[in-house]
Amino acid sequence: MPSQADSIARGHTMPFGAEVCADAKVRFRLWAPGQERIALVLEEGDIELPMTALAHGWHELVIDQAAPGSRYRFELTDGLRVPDPASRYQPEDAHGPSEVVDPRAYPWSDGAWRGLPWRETVIYELHVGTFTPQGTFRALIEKLDYLAE
């Protein structure tokens, strides 16, 4: 296990989705140009908070009632509640609530890794939920040899 001195805080700012701010507040942004009104719904307590409509179809809300681990959805003008399309984590599947994640809180320990030379690199995109009948990462592990071939 790496020591705290060996860990690296890393993350990138996203212009959309849920972003934990430096002041511990959370900024939520959704691009929904066809929606007149968007509300953020915090699952714990079923709290609805109206978002501010910005230019070019963006809706935004910055609050201190959410933190990493908070689960949320967006409520559209017609009352339909949807997960965040830019979510970093969907603990209950693609149709469940999204969860706020702070990637800077994870103690990354791969700072010395420099990757592979491009001539040895293979990029293969797949959707874990449809690649195996079980739809899990564990089931995908069983297919790694197949992918390597």
Engineer: Does the side-chain contact (heavy atoms from CB on, under 4.5 Å) test come out yes or no for V82 and L80, once each step is laid out?
Structural biologist: CA-CA 6 Å; V82 298; L80 179 65; 3.8 Å; yes
Engineer: Measuring from atom CZ of F28 to atom CG of L40, what distance do you get when rounded to the nearest 0.5 angstrom?
Structural biologist: 5.0 Å
Engineer: Taking R29 for its side chain and P15 for its backbone only, find out whether a donor-acceptor pair lies under 3.5 Å.
Structural biologist: yes
Engineer: Can you check whether E19 reaches T13 side chain to side chain, under 4.5 Å on heavy atoms?
Structural biologist: yes
Engineer: Got a sec: does the CD of Q134 have more than 12 other heavy atoms crowding it under 6.0 Å?
Structural biologist: yes
Engineer: Measure the spacing between CD of E36 and CG of D78 and express it to the nearest 0.5 Å.
Structural biologist: 11.5 Å
Engineer: Are W58 and M14 connected into the same hydrophobic cluster when the rule is that any two of I, L, V, M, F, W, Y join if their side-chain heavy atoms are below 4.5 Å apart?
Structural biologist: yes
Engineer: L49 vs L42, test: side-chain contact (heavy atoms from CB on, under 4.5 Å). Steps then yes/no.
Structural biologist: CA-CA 8 Å; L49 302 166; L42 297 176; 4.2 Å; yes
Engineer: Does a side-chain heavy-atom distance below 4.5 Å link L30 with P85?
Structural biologist: yes
Engineer: Ignoring hydrogens and geometry, is there a side-chain-to-backbone donor-acceptor pair from R119 to L116 under 3.5 Å?
Structural biologist: no
Engineer: Please find the pair of heavy atoms, one from V100 and one from A18, that lie closest to each other, and give the distance.
Structural biologist: CG2-CB, 4.2 Å
Engineer: Roughly how far apart are L126 CG and F131 CZ, rounded to 0.5 Å?
Structural biologist: 5.5 Å
Engineer: Applying side-chain contact (heavy atoms from CB on, under 4.5 Å), run through E48 and E75 and close with a yes or a no.
Structural biologist: CA-CA 8 Å; E48 290 183 36; E75 185 174 284; 3.4 Å; yes
Engineer: Are V101 and F74 connected in a single hydrophobic cluster, I mean Ile/Leu/Val/Met/Phe/Trp/Tyr linked by side-chain heavy atoms less than 4.5 Å apart?
Structural biologist: no
Engineer: Just by modelled atom types, is the P83 backbone N or O under 3.5 Å from a matching donor or acceptor in the S87 side chain?
Structural biologist: no
Engineer: How long is the straight-line distance from CD1 of I63 back to OG of S70, given to the nearest 0.5 Å?
Structural biologist: 7.5 Å
Engineer: Cut-off 3.5 Å, no hydrogens considered: what does the side-chain donor-acceptor table look like for residues 136-147, sequence neighbours left out?
Structural biologist:
unit_1 : atom_1 : unit_2 : atom_2 : d
T136   : OG1    : A139   : N      : 3.0

Engineer: Hey, does the side chain of Q90 reach the backbone of D93 with a donor-acceptor pair shorter than 3.5 angstrom?
Structural biologist: yes
Engineer: Nearest 0.5 angstrom please: T121 OG1 to I123 CD1, how far?
Structural biologist: 7.0 Å
Engineer: Is any side-chain N of the basic residue among R73 and E92 closer than 4.0 Å to the acidic one's carboxylate O?
Structural biologist: no
Engineer: Got P91 and R71 here, is their nearest side-chain heavy-atom distance under 4.5 Å?
Structural biologist: yes
Engineer: Kindly give the heavy-atom pair with the smallest separation between P68 and D102, and that separation in Å.
Structural biologist: CG-CB, 3.8 Å
Engineer: How long is the straight-line distance from OG1 of T52 back to CD1 of I38, given to the nearest 0.5 Å?
Structural biologist: 12.0 Å
Engineer: Please report the C-alpha distance between I47 and V41 in whole Å, then the side-chain angles of each, then the deciding distance to 0.1 Å, and finally whether the side-chain contact (heavy atoms from CB on, under 4.5 Å) criterion is met.
Structural biologist: CA-CA 5 Å; I47 300 169; V41 179; over 6 Å; no
Engineer: Is a side-chain N or O of H59 found less than 3.5 angstrom from the main chain of W31, in a donor-acceptor match?
Structural biologist: no
Engineer: So, Q35 side chain and T77 main chain: donor-acceptor pair closer than 3.5 Å or not?
Structural biologist: yes
Engineer: Using a strict threshold of under 4.0 Å (side-chain N to carboxylate O), is an ion pair present between E99 and R88?
Structural biologist: no
Engineer: Under 4.0 Å between a Lys/Arg side-chain N and an Asp/Glu carboxylate O for R81 and D46?
Structural biologist: yes
